[in-house]
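As structure tokens, the structure follows; a few thoughts come after it.
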Amino acid sequence: HSFPMPIDLGASWIHGPSQANPLVALAARAGITTAVTPDDLVRVYATTGAPLPYSTVDPKETIYDRLTSRARSTAARTGRDMSFQQAMAAQQAGLFNDAVMRYFGAAWTEFDTGAPLDQLSALQGMEDEEFGGTDVIVTNGYDRIFQPLSNGYEIRTGAAVSSISQTASDITVEYSGGTISADAVILTVPLGVLKAGSIQFSPGLSTTKLAAINRVGFGTVNKVVLEFAQATWPSGLQYYGFCRAVGASGRACYAMNVKRLNSRANVLVVIYTGSEAIRLETLSDAQATQDALAGLRPILGATPPALKSSRVTRWKSEAFSKGSYSFAAVGTKATDFDTIARPQGRLYFAGEHTNGAYRGTVHGAYMSGQRAAAEGVATLA
């Protein structure tokens with residue numbers, strides 16, 4: 001909220017905002033405002049920094065789409081799993097030697113799934129579902145979504161949970177401020193926290209559930225938010241895409257133009273995916289800011305406008321997330337998300353990683369919470 005328009009450091013969009021999406025009604029109750037961010041309002045820049053003509057980019061986009069569909073169908077037909085990167089390269093040798101194809105891989109597939117291309121399953125990696133409608137971005141802060149959900153409830157913050165133990169008659173949560181005993185617990189921590197073993201369970205999680213937790217991937221997407229004294233970048237565009245030479249600095253793949261959404265906001269949100277998102281976390285704030293500015297040189301020029309403020313995310317380093325959102329890694333079974341979701345005694349599981357059909361989305365997380373709550377109520381009734 002320190003920027004002229006609230007900028008979400010994590011989830012930003014409502015994906016598939018049709019009436020079938022339960023998040024739409026909740027967002028309306030919360031007073032959330034949105035705007036369409038058209039995918040076609042984008043200009044892609046070559047490794048030299050020169051803008052690429054659409055006559056060059058569009059045909060390659062068609063090829064990338066076709067190869068993606070073919071990779072998925074081939075994996076489904078043969079039942080043989082491999083990484084998405086391998087599956088794409090098997091169809092067209094040297095595919096990702098092409099800078100534009102590398103851009104599509106990062107800005108589209110890695111951003112959408114949260115997964116590095118060499119870890120994403122060609123068999124299960126994109127077998128999730130989606131609602132209809134053009135994606136919209138939240139323009140007044142996604143944190144509003146909690147207002148209609150939290151009324152009447154006591155929410156304790158700054159209370160890190162260390163263990164959850166259960167008996168035949170109750171379940172106890174131990175946290176930094178004490179303990180709470182209850183009839184049931186719904187656990188919504190991100191998959192990264194489960195993978196890290198940050199919470200001790202007694203009895204322990206089943207071997208089947210642990211195996212599924214280990215197989216499902218948990219990816220990282222990071223942002224550098226930059227506010228300038230004035231906007232000197234090309235207007236009218238929503239996004240700017242950047243082709244990178246291998247080993248080049250400033251390898252963010254994508255930047256979003258916030259000024260198109262709010263005329264007072266001279267703000268660019270620079271997106272890092274895959275291995276570049278992890279690399280960003282090794283940099284200091286000052287270094288990360290310079291890294292992002294270097295990547296924006298094609299649209300800012302050698303002398304960018306004065307920088308007023310910046311913010312850097314490090315989702316993998318966050319103790320209570322350890323990443324951004326789940327994905328089907330190579331070796332993931334189609335049933336793994338359901339296995340993670342399955343109740344264990346008085347312990348119920350929710351979160352986007354427990355909703356295989358709508359993983360990696362806010363609506364997927366919300367739907368999983370509704371499901372887990374219904375399971376708990378049915379058991380305790």
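Numbers for residues simply follow the sequence, beginning at 1.
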* Asked: Does any non-hydrogen side-chain atom of Cys243 lie less than 4.5 Å from one of Leu52?
  -> yes

**Prompt:** Does the pair Phe104 and Val57 meet the rule for a side-chain contact (heavy atoms from CB on, under 4.5 Å), with working shown?
**Reply:** CA-CA 10 Å; Phe104 286 134; Val57 176; 3.8 Å; yes

- Query: Would you say Tyr366 and Leu149 make side-chain contact, with heavy atoms under 4.5 Å?
  - Reply: yes

### Query
Any side-chain heavy-atom pair from His353 and Leu194 closer than 4.5 angstrom?
yes

Sequence neighbours excluded, the answer for side chain to side chain contact (heavy atoms under 4.5 Å, CB included) partners of Ala89 is none

Within-4.5 Å side-chain heavy-atom neighbours: Leu23 and His15: no

Ser198 vs Lys322, test: side chain to side chain donor-acceptor pair (under 3.5 Å). Steps then yes/no. CA-CA 10 Å; Ser198 303; Lys322 298 187 181 297; 4.7 Å; no

The side chain to side chain donor-acceptor pair (under 3.5 Å) partner of Asn266 among Lys259, Gln230, Lys308 is Lys259

Item to complete: Evaluate whether atom CZ of Arg66 has more than 12 neighbouring non-hydrogen atoms of other residues, nucleotides or ligands under 6.0 angstrom away.
Response: yes

Less than 3.5 Å apart, any donor N or O on the side chain of Asp118 or Ser83 sitting next to an acceptor on the other? no

To the nearest 0.5 Å, atom OG1 of Thr172 lies from atom CD1 of Ile180 at 10.0 Å

*Any cation-pi pair here, Lys209 with Phe349, using under 6.0 Å and within 45°?*
yes

Please tell me whether Thr332 and Gln124 have a donor and an acceptor in their side chains that are separated by less than 3.5 angstrom. no

Notebook entry, point to check: Are Val362 and Trp315 co-members of a hydrophobic cluster defined by side-chain heavy atoms under 4.5 Å apart?
Noted result: no

Which of Asp135, Thr361, Thr37 passes side chain to side chain donor-acceptor pair (under 3.5 Å) with Trp13? Answer is Thr37

Original post:
If we only count heavy atoms from C-beta on, is the Leu300 to Trp233 side-chain gap below 4.5 Å?
Top reply: yes

Hits for side-chain hydrogen bond (donor to acceptor under 3.5 Å, both in side chains) against Asp285, two or more places apart or cross-chain, chain-then-number order -> Arg314

Practice item. Return yes when atom NZ of Lys195 has more than 12 non-hydrogen atoms of other residues, nucleotides or ligands closer than 6.0 Å, and no otherwise. Key: yes

query: Is Thr220 reaching over with its side chain to a backbone N or O of Ala277, donor-acceptor style, under 3.5 angstrom?
result: no

Regarding Glu227 and Arg311, does a basic nitrogen lie under 4.0 Å from an acidic carboxylate oxygen? no

Does a sphere of radius 6.0 Å around OH in Tyr54 hold more than 12 heavy atoms from other residues, nucleotides or ligands, not counting ones at 6.0 Å or beyond?
yes

Do Val24 and Ser18 come close enough that some side-chain heavy atom pair is under 4.5 Å? no

Modelled atom types, side-chain donor and acceptor of Tyr64 and Thr109, under 3.5 Å: yes

* Give a yes or no answer on whether the side chain of Thr167 reaches the backbone of Ser169 with a donor-acceptor pair at less than 3.5 Å. => yes

Rounded to the nearest 0.5 angstrom, the CZ-CD1 distance for Arg371 and Ile186 is 9.0 Å

